[in-house]
Amino acid sequence: MTSLTLFVLCGLMHICRGHSEKFPPNFKFGAATSSYQVEGGWDADGVWSRALTPSHCGRRPVSCSVPLMGLYYDDDESSHKEIRGKGQSIWDRFVHENRDKIANNATGDVAADSYHLWREDVRIAAEMGLQFYRFSINWPRILPTGFVNEINEVGAKYYSDLIDALLAEGIEPVVTIYHWEMPVKILDLGGWANPLIVDWFGDFARVVFNLYADRVKTWITINESVMFCDYFYNIGQFYKEPEFAPFLCNKHVLLAHATAYRIFEKEFRPKYEGRISLSNSVIWIEPASPKDKQLAELGREHVTGRYSHPIFSKKGGWPHSIEKLMLSYSLKQGYNQSRLPAFTKDEIEFVKGTADFFALNHYSTLMIRPAQQGESGKWFLSGSPELNAFLKNPPNASYGVAHDLPVYPTGIRRQLAWIKKRYGDIDILITENGFSTTGYNLEDYDRINFMKKYLEQVLLSIKVDNVSVIGFGVWSLMDNFEWLSGYKHKFGLYEVDYENEKRTRTPRASAYFYACLIKNRSLHIAGECLHMYHSKFKRLVPNGTTITQNGGVLLTAVLLFFCKL
C-alpha cells in the first residue's frame, strides 16, 4: 500500500470518526422566532376585551379569557372593568409610516399569522422533534400602553396557550421578554435613552413572570441590544443620535436586565426555579493583518464586552480598554467627561453576576483594520469613529442572500473560545444562527451546508476546546418578516406561503436534515438523512450543488462508504 493511499485512508478514518461524535446528552436543539416577525394580529382583539375572573379560571386566570367585545365580569357580575386590546409597538408605527423603506412595502401586520396559527407552529416544531422553541413576548400585546395600569388578558392567554401546547409536546418554551417590540408611548418618552425605562422594563418583566414562571424555566430578558442601541441610533431607525444615545442605551439595557434578574431571583426563583440571561448578538472580529491584533481585541470588547463584561466578569463594570478609549476620545472631542456613562459602585454590584448562562446570537465574522484618510463607518457594520477602525468582509467568505452576513464558520468556534477565556466556564446557549435564501425554494442545500459547517465548529468547541455549549437554536423555525428586508430574505426551516391567506408552512430540505440530526444527535447522519432527501425530492442534490463545502457528491459518497465500514 502506497504512502499516499495510507494518508488518504487515515484522513478518511479521521473525518469519519469526527463525524460520528455525538453531541453531549445535555445539548439541546431548537429553533427561534420573534413576535413582530411572525405573529401578525397587530391590532387584534379590538379596543376592549372581556375576561372572566380568577375564581372561574382555576390557578391561571389567563387560561380562560375569552376574546369578546365587552366588559370584565367578576363572580357576581356586579362590577365591571374595561380591558384594552393590543397596543401599538414601535414597529407597528414605523412600517405604517415608512412603507417605502421596507422591501416591497411589506409590513408585519399579518406576517406568518402565528397569533392565529400558533397550533401550526407547535405542530411543525414537534414534527422536527425540537427540544426547545424560543419565541418572544410582544410588550404592548400584554401591556397596551407599556405600563401596568392596563393588562390585555386576551394577549396574555395567547402566550399561555402556546406555552401549554409546547409543554404537551415535550418542547421547552424559551421565552424572550423583549425582542424590540417597545410600546410607542415609551419610545415617545425617550425609550432606552430614558433612565426610567429600567423600572418600566422591570414592571413588565414582573407581569410576565407572574403569568408564566410556573411553566417557563429558561428566560432571555433582552435580545440583541447591540442592534437597537448601537445600530438603530447610529443609522436613525427610530431616532438618530450617535453621540450619546448608543451608550446611554447600553447602560440602561444592562440595568434593566439586572432589574428583571433581581426580581426573578427574589420573587420567583424560590418557588419556580428557572435560568435567566440576555442574548448578545456577537460578531467575531478578526484582524485584517497581523499588526491589527490589538485593534481586533479592542473591537471584540466594543461589540461583545460592553454588553457582557459588566455581567460576566469578576470585577464588573465596563471593560477597562473601552472605558479608557471612550474617555480619551470624548476629551479630544471637547467634552469634559466620557460619553460612556459611568457605573456607580452600587450599580456595578447590582449588574454583576446577573446571568445563569451566556446566550449567544452569532451569524457572521468581520475583519478590522485602522481607518484610512477620509474613511468613516457606522458601528457595527462598517466601522467605528471611536476606534478609528474600518470593518470589511473576510476575503474567503461565502454568502447567502444577505451580503452583510458573510459565512465564516470558524468564527463561531473562535468566539466561543474567547467567551470562555474572558468569562470562565459558563454554559453557553446559542440562541440564534441562520442562513438567508430568497424565493420559494424547498431544496435549500446551501442552508444545510451552512448548518453542517457551523455545527461542526460547535462540536469542535465542545470536544476539543472544552467549552460548555449547551444548545443550538436555528434562526428561524419558519420564514418571517425580516425587518427592512420584508419577506425577501428567508431564514426558515419551514417555508411560509405569503400568497396564501392560510400562510401554509412547508418543510424545506433543511427541516428534514435538522429533524434527522436531532434524532441521531450526530453530524454523521450517513445514509438515513440523505435517503430522506432523496425520497422527498427524488434526487440527492440539484445539478451544480454540493452538500459539503470542500467537495462534491462523489466525495460525500466515498466518505459515507468508509464511515459505514
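Keep in mind that the numbers below use all heavy atoms, side chains included, and drop hydrogens, waters and symmetry copies.
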Exercise for review: Kindly say whether Trp118 contributes a backbone atom to a donor-acceptor pair with the side chain of Asp121 at under 3.5 angstrom?
Suggested key: no
Practice item. Sequence neighbours left out, what passes ring pair (Phe, Tyr, Trp, His ring centres under 6.0 Å) with His309? Give chain and number order. Key: none
Practice item. Verify salt bridge (charged side-chain N to carboxylate O under 4.0 Å, His left out) between Arg275 and Asp427, making sure each step is shown before the conclusion. Key: CA-CA 11 Å; Arg275 304 182 82 193; Asp427 290 343; 3.1 Å; yes
Check your understanding: With no hydrogens and no angle check, do the side chains of Arg447 and Thr437 hold a donor and an acceptor under 3.5 Å apart?
Key -> yes
Review point. Just wondering, more than 12 heavy atoms not from Lys463 lying within 6.0 Å of its NZ?
Key: yes
Check your understanding: Heavy-atom count around Lys420 NZ within 6.0 Å, excluding the residue itself: above 12?
Key -> yes
Study note, to complete from the structure: Across all chains, not counting sequence neighbours, the side chain to side chain contact (heavy atoms under 4.5 Å, CB included) partners of Glu499 are Tyr440, Asp497
Check your understanding: Just how far is it from atom OH of Tyr487 to atom CD of Gln37, taken to the nearest 0.5 Å?
Key -> 9.5 Å
Check your understanding: Does Asp292 have any salt bridge (charged side-chain N to carboxylate O under 4.0 Å, His left out) partners at least two apart in sequence or in another chain, and if so, which?
Key -> none
Check your understanding: Strictly under 6.0 Å, is that where the ring centroids of Phe435 and Phe491 end up?
Key -> no
Point to revise | side chain to side chain contact (heavy atoms under 4.5 Å, CB included) against Lys271, all qualifying residues, sequence neighbours excluded | key: none
Check your understanding: How far apart are the C-alpha atoms of Gln237 and Leu484, what are their side-chain angles, what is the distance that settles it, and do they pass the side-chain contact (heavy atoms from CB on, under 4.5 Å) test?
Key -> CA-CA 10 Å; Gln237 178 67 38; Leu484 299 185; 3.9 Å; yes
Practice item. Would you mind telling me which of Thr176, Thr33, Thr218 makes a side chain to side chain donor-acceptor pair (under 3.5 Å) with Arg134? Key: Thr176
Practice item. Tell me, with the steps shown, if Leu278 and Ile311 meet side-chain contact (heavy atoms from CB on, under 4.5 Å). Key: CA-CA 10 Å; Leu278 77 170; Ile311 295 171; 3.4 Å; yes
Practice item. Under the ring pair (Phe, Tyr, Trp, His ring centres under 6.0 Å) rule, collect the residues that match up with Trp483, sequence neighbours excluded. Key: Trp91, Trp180
**Study point:** Note: Arg306-Asp230 ion pair, threshold 4.0 Å (strictly below)
**Key:** yes
Practice item. Name all residues meeting the side chain to side chain contact (heavy atoms under 4.5 Å, CB included) criterion together with Leu167; count only those two or more places apart in sequence or in a different chain, and write none if there are none. Key: Ile163, Pro173, Arg215
Exercise for review: State whether the side chain of Asn26 and the backbone N or O of Ile470 hold a donor-acceptor pair below 3.5 Å, judged by distance alone.
Suggested key: no
Check your understanding: Looking at Phe94 versus Tyr36, is the centre-to-centre ring distance below 6.0 Å?
Key -> no
Enumerate, atom names and distances included, each donor-acceptor pair closer than 3.5 Å involving a side-chain atom of residues 399-411, sequence neighbours excluded.
from   : atom 1 : to     : atom 2 : distance (Å)
Tyr399 : OH     : Asn393 : ND2    : 3.2

Point to revise | Any side-chain donor near an acceptor of the partner, Tyr494 and Glu127, under 3.5 Å | key: yes
**Study point:** Steps toward side-chain contact (heavy atoms from CB on, under 4.5 Å) verdict (Tyr158, Ser114)
**Key:** CA-CA 10 Å; Tyr158 162 66; Ser114 289; 4.0 Å; yes
Exercise for review: Sequence neighbours left out, what passes salt bridge (charged side-chain N to carboxylate O under 4.0 Å, His left out) with Arg269? Give chain and number order.
Suggested key: Asp356
Point to revise | Residues Arg141, Glu181: salt bridge by 4.0 Å N-O rule | key: no
Exercise for review: Give a yes or no answer on whether the side chain of Glu286 reaches the backbone of Leu366 with a donor-acceptor pair at less than 3.5 Å.
Suggested key: no
Point to revise | Test item: Lys488 side-chain N/O and Asn104 main-chain N/O as donor-acceptor pair under 3.5 Å | key: no
Exercise for review: With sequence neighbours excluded, tell me which residues meet ring pair (Phe, Tyr, Trp, His ring centres under 6.0 Å) with Phe312.
Suggested key: Phe358, Tyr423
Check your understanding: What are the two closest heavy atoms between Met367 and Pro287, and how far apart are they?
Key -> CE-O, 3.3 Å
Exercise for review: For the pair Tyr159 (side chain) and Tyr212 (backbone), establish whether a donor and an acceptor sit closer than 3.5 Å, ignoring hydrogens and angles.
Suggested key: no
**Study point:** Salt bridge Glu120-Arg503, side-chain N to carboxylate O under 4.0 Å
**Key:** no
Review point. Is the backbone N or O of Arg123 less than 3.5 Å from a side-chain atom of Glu169, with the two atoms forming a donor-acceptor pair by type?
Key: no
Exercise for review: Please determine if Asp161 and Arg119 form a salt bridge, counting it only when a charged side-chain N lies under 4.0 Å from a carboxylate O.
Suggested key: no
Practice item. Give a yes or no on whether the backbone of Leu360 and the side-chain of Thr431 come within a donor-acceptor separation of less than 3.5 Å. Key: yes
Review point. Between the main-chain N or O of Ala355 and the side-chain N or O of Ser277, is there a donor-acceptor pair closer than 3.5 Å?
Key: no
Review point. Can you name the ring pair (Phe, Tyr, Trp, His ring centres under 6.0 Å) partners of Phe209, sequence neighbours left out?
Key: Trp219, Phe264, Phe268
Exercise for review: Please list, chain by chain and in numerical order, all residues satisfying salt bridge (charged side-chain N to carboxylate O under 4.0 Å, His left out) with Asp465, sequence neighbours excluded.
Suggested key: Arg413
Practice item. From the options Asn433, Leu493, Leu523, select the one residue that forms a side chain to side chain contact (heavy atoms under 4.5 Å, CB included) with Met451. Key: Leu493
Review point. His489 and Ser436: side-chain donor and acceptor closer than 3.5 Å?
Key: no
Check your understanding: So how far is it from Ile412 CD1 to Lys453 NZ, rounded to the nearest 0.5 Å?
Key -> 14.5 Å
Exercise for review: Kindly say whether Thr304 contributes a backbone atom to a donor-acceptor pair with the side chain of Ser308 at under 3.5 angstrom?
Suggested key: yes
Practice item. Start with the C-alpha distance between Trp42 and Thr107, add both sets of side-chain angles, then the distance that settles side-chain contact (heavy atoms from CB on, under 4.5 Å), and finish with yes or no. Key: CA-CA 10 Å; Trp42 80 274; Thr107 76; over 6 Å; no
Point to revise | Single hit among Leu416, Val467, Ile428, Val469 for side chain to side chain contact (heavy atoms under 4.5 Å, CB included) with Ile462 | key: Val469
**Study point:** Ile124 side, atom CD1; Leu130 side, atom CG - distance, nearest 0.5 Å
**Key:** 8.5 Å
Review point. By side chain to side chain contact (heavy atoms under 4.5 Å, CB included), which residues pair with Thr506, not counting sequence neighbours?
Key: Leu442
Practice item. Check for a donor-acceptor pair, side chain of Arg521 on one end and backbone N or O of Phe27 on the other, with a separation under 3.5 Å. Key: yes
Review point. Do Phe29 and Phe23 have ring centroids that are under 6.0 Å from one another?
Key: yes
